[in-house]
Amino acid sequence: MRTSSARSLLGVPSFLSGLKQLFNQQREPFYGFSERVYFPDMDKKFIEHMATVYKKITQKTININTAFRLFKEMDYSPSHFRATLKQMILKRVSLKIAFEEVIEAVVFQNGY
């Protein structure tokens, strides 16, 4: 199910190129209405925070290193990581299974 790159799996390049076209071409409706702002990727502290919240809710722990590795595979998407934890809680599945389910849902939703 996995591809060599979560970035291509999650469609980031095509999404960004579409936004670039929308804001940078003179004939497009939002030409000149944007400014590029770069934000740093979230780091392991985000995963540690989410693991703390997960533990408060479930009384269970998750492996921080595994969670961070999967977060990187998600191209540092906080919403996808949050969805993974939600799957773990609601379906009572492992981190890896929840991750695969979220990735499958993203692929299906985006028609890849």
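Residues take their numbers from the sequence shown, with the count starting at 1.
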Note to self: Can you give me the closest heavy-atom contact between Ser94 and Met88, atom names plus distance?
What the structure shows: O-CG, 3.8 Å

Next item on the list: Give me the other members of the hydrophobic cluster that Ile97 sits in, counting Ile, Leu, Val, Met, Phe, Trp and Tyr linked by side-chain heavy atoms under 4.5 Å, directly or via other members.
Entry: Val93

Next item on the list: Tell me, please, which residues at least two apart from Phe81 pass ring-ring contact (aromatic ring centres under 6.0 Å, His included).
Entry: Phe71

Margin query: I need the minimum non-hydrogen distance between Met74 and Phe99, along with the two atoms involved.
Written below: CE-CD1, 3.1 Å

Which side-chain N or O atoms in residues 55-64 pair as donor and acceptor under 3.5 Å with protein atoms at least two apart or in another chain?
unit_1, atom_1, unit_2, atom_2, d
Thr58, OG1, Tyr54, O, 2.8
Thr58, OG1, Lys60, N, 3.1
Gln59, NE2, Lys56, O, 3.1
Asn63, OD1, Asn65, N, 2.9
Asn63, OD1, Thr66, N, 2.8
Asn63, OD1, Thr66, OG1, 3.3

Note to self: Return the CD to CD distance between Gln87 and Glu100, rounded to the nearest 0.5 Å.
What the structure shows: 12.0 Å

Note to self: Before you tell me yes or no, could you show the steps for Leu70 and Thr84 under side chain to side chain contact (heavy atoms under 4.5 Å, CB included), namely the whole-Å CA-CA distance, both residues' side-chain angles and the distance that decides it to 0.1 Å?
What the structure shows: CA-CA 10 Å; Leu70 296 177; Thr84 299; 5.9 Å; no

Next item on the list: Look up atom CG in Asp43 and atom CZ in Phe68, then write down how far apart they are to the nearest 0.5 Å.
Entry: 6.5 Å

Notebook entry, point to check: Who else is in Tyr38's hydrophobic cluster (ILVMFWY, side-chain heavy atoms under 4.5 Å, direct or via others)?
Noted result: none

Note to self: Among residues at least two apart in sequence or on other chains, which ones pass salt bridge (Lys or Arg N to Asp or Glu O under 4.0 Å) with Glu101?
What the structure shows: Lys91

